[in-house]
Amino acid sequence: MSQRQVLQVFEQYQKARTQFVQTVAELATRPQNIETLQNAGVLSLLRPLLLDVVPTIQQTSALALGRLANYNDDLAEAVVKGDILPQLVYSLAEQNRFYKKAAAFVLRAVAKHSPQLAQSIVDCGAVDMLVICLEDFDPGVKEAAAWALGCVARHNAELSQAVVDAGAVPLLVLCIQEPEIALKRIAASALSDLSKHSPELAQTVVDAGAIAHLAQMILNPDAKLKRQVLSALSQIAKHSVDLAEMVVEAEIFPVVLTCLKDPDEYVKKNSATLIREIARHTPELSQLIVNAGGVAAVIDCIGNCKGNVRLPGIMMLGYVAAHSENLAMAVIISKGVPQLAICLSEEAEDHIKAAAAWSLGQIGRHTPEHARAVAVANVLPKLLSLYMDTESSEDLQVKAKKALKNILQKCTHLPALEPLLHDAPPNILKHVVGQFSKVLPHDSKARRLFVTSGGLKKIQEISADPGSPLQEYINTINNCYPEEIVRYYSPGYSQTLLERVDHYQPVLS
């Protein structure tokens, strides 16, 4: 065989390898092909090509493996068991930028599925190599490495700590200062994943100077970057008062309130989440948000969106109101109650209704004035129906019942209470009757209305155990009226009168 023929054979072999990896990489983009590729044993065929002498074959085989591993955890597990990770880690240090990106993609695709698979990335030494890639000259390599590290960190505190211990945090903070928007996004996302698990991890991110750089990007025009920045700040602020105060001190107010009007739904949701995480800690932080116009801005935001986007805003109002009478009144003055009542009525998801019920309970539980503000929004019958509805989730029933009791125990606005006399079950009814027993002895106009509206008649129809609190309340109410009026409205009294007519002997002249 001549030299030329030998070269032709090698050329054909290279073309065949190239065509094979390119075809597999292409086929792996379509879900319907994945099972066939897996059954054909494609992973074991790709593995030796990671060490091919031709760089493009190496890169394309890594890309194909990444796409396969990305598809489901079974394939990711097969990549781990196929002993492919050590080859990728070895090559990360040696190969060009194209291969590094492809290798980081495989590591990310494996790590994202579960803590166990992410742990396999740590165990094979990939995290240290990925951190080295964060210092690469090429922004695409940094981005791929940051993404993979974020996928490792997102699962739990132990995996996040492994990323921290490898020295990733200062380099990720440098990455958010790079000019490339895509790199900023991924680095901010990784910092968010690192911060979320514990106060100590969040403090590590803060100590690296992340807050100031994140805060400066709140008004960046790129919506996807804003989402990640707001998420990272939320994950830092949620852990403690000190961390929340550090976020506030970066002068995020009133700037962050503009994000509540952003066209992007996730930006709205993440900004409301950030405000919620700050508000929940102390009355002082909630007051700061009120002073900045945050309560009114969140209420407007709730009115302009639907579904889960509303949820953090709904909860934020409850956290603010829970702290004190004055803060609850700030929510009332900003017209928060009607907006929460709308959420309670029109939202389909039980967990959103439960949040609205909880927040209304936090607003109404302080004083009769607070309870009245909630009651006049016709919230009480709705809470009662949600509590009694067998289709409601257990959490919604619990939250609706608790809110109802919180509001009822302070409510002295009798017109709002009266419909509940007819519909409430005994465990709620006692709170309703209890409020009438507090108000009627001191209000003659209310006593008259209670008779004409049918309230007194309804009270006589309630059966209560002798000596029970409910019976005591009924006795107190009955003592507000002449005995003959009480008797007149008692069940069976009309029959007694008729019997007296039957037995009455007229006096004949």
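Just so you know, these numbers use all the heavy atoms, side chains as well, and skip hydrogens, waters and symmetry mates.
- For the pair A272 and G313, the tightest heavy-atom approach, listed with the atom from each and the gap, is CB-N, 4.0 Å.
- At least one donor-acceptor pair closer than 3.5 Å links the side chain of Q177 to the backbone N or O of V173.
- In this structure, NZ on K268 lies 8.0 Å from CG on D262, to the nearest 0.5 angstrom.
- Distance check: I186 CD1 to E180 CD gives 13.0 Å after rounding to the nearest 0.5 Å.
- Using a 4.5 Å heavy-atom cutoff, the side chains of L214 and V247 are not in contact.
- Minimum interatomic distance between I176 and A187 (heavy atoms only, all atoms of both residues): CG2-CB, 3.5 Å.
- Separating the SG atom in C343 from the CD1 atom in I314 is a distance of 4.0 Å, to the nearest 0.5 Å.
- Side-chain contact between K306 and E346 is present, with at least one heavy-atom pair separated by less than 4.5 Å.
- Put simply, the side chain of R154 never gets that close to the backbone of A190: no donor and acceptor are under 3.5 Å apart.
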Full working for side-chain contact (heavy atoms from CB on, under 4.5 Å) between I275 and F253
CA-CA 10 Å; I275 298 165; F253 290 105; 4.1 Å; yes

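- Salt-bridge annotation for K184 and E178: absent, with no side-chain N of the basic residue lying under 4.0 Å from a carboxylate O of the acidic one.
- Side-chain contact between V374 and L340 is absent, with no heavy atoms from C-beta onward closer than 4.5 Å.
- Proximity of a side-chain donor or acceptor of H239 to a complementary backbone N or O of S195 within less than 3.5 Å is detected.
- Between the side chain of S393 and the backbone N or O of D350, no donor-acceptor pair lies under 3.5 Å.
- Expressed to the nearest 0.5 Å, how far CG of L383 lies from NZ of K401 amounts to 13.5 Å.
- Looking at every heavy atom in both residues, M315 comes nearest to A355 through CG-CB, 4.0 Å.
- Under a cut-off of 6.0 angstrom, the local environment of OH in Y266 is sparse, with at most 12 non-hydrogen atoms contributed by other residues, nucleotides or ligands.
- The backbone N or O of A153 sits less than 3.5 Å from a side-chain atom of S160, completing a donor-acceptor pair.
- Summarising the local packing, CD of E369 is surrounded by 12 or fewer heavy atoms from other residues, nucleotides or ligands at distances under 6.0 Å.
- Contact between L285 and E245 at its shortest, heavy atoms only, is CD2-CG, 4.1 Å.
- We find the CZ-NZ distance between F137 and K142 to be 8.5 Å, quoted to the nearest 0.5 Å.
- Taking the side chain as every heavy atom from C-beta outward, L230 and T273 never approach each other to under 4.5 Å.
- No donor-acceptor pair under 3.5 Å is formed between the side chain of S271 and the backbone N or O of V256.
- To the nearest 0.5 angstrom, I289 atom CD1 is 9.5 Å from L327 atom CG.
- Considering only heavy atoms from C-beta on, K101 comes within 4.5 Å of D138 through its side chain.
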Take R280 and K238, measure what side-chain contact (heavy atoms from CB on, under 4.5 Å) needs, and give me the verdict at the end.
CA-CA 8 Å; R280 63 198 283 260; K238 76 179 184 181; 4.3 Å; yes

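- When side chains are defined from C-beta on, E325 counts as touching H370, because their heavy atoms get closer than 4.5 Å.
- Between the S231 side chain and the R227 main chain, no donor and acceptor come within less than 3.5 Å of each other.
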Can you list the steps and then say if K226 with D222 is a salt bridge (charged side-chain N to carboxylate O under 4.0 Å, His left out)?
CA-CA 6 Å; K226 278 192 282 194; D222 183 77; over 6 Å; no

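- Residues N308 and K269 are in side-chain contact: their nearest non-hydrogen atoms beyond the backbone lie under 4.5 Å apart.
- Salt-bridge formation is detected for the pair K100/D136: a Lys NZ or Arg NE/NH1/NH2 atom is positioned less than 4.0 Å from an Asp or Glu carboxylate oxygen.
- With hydrogens and angles disregarded, no donor-acceptor distance shorter than 3.5 Å links the side chain of H281 to the backbone of D242.
- R108 contributes no side-chain N or O that, together with a main-chain N or O of W147, makes up a donor-acceptor pair within less than 3.5 Å.
- Taking each heavy atom of A109 and K112 in turn, the nearest pair found is O-CG, 3.6 Å.
- A distance-only check finds a donor-acceptor pair linking the side chain of S385 to the backbone of K382 [under 3.5 Å].
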Evaluate side-chain contact (heavy atoms from CB on, under 4.5 Å) for R365 paired with I407, printing each intermediate quantity in order.
CA-CA 5 Å; R365 71 180 176 83; I407 298 160; over 6 Å; no

Give the C-alpha distance, both sets of side-chain angles, the deciding distance and a yes or no for side-chain contact (heavy atoms from CB on, under 4.5 Å) between L194 and T204.
CA-CA 9 Å; L194 282 163; T204 303; over 6 Å; no

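- Closest approach of A162 and V127 over heavy atoms only: O-CG1, 4.0 Å.
- For the pair E265 and V309, the minimum side-chain heavy-atom distance is below 4.5 Å.
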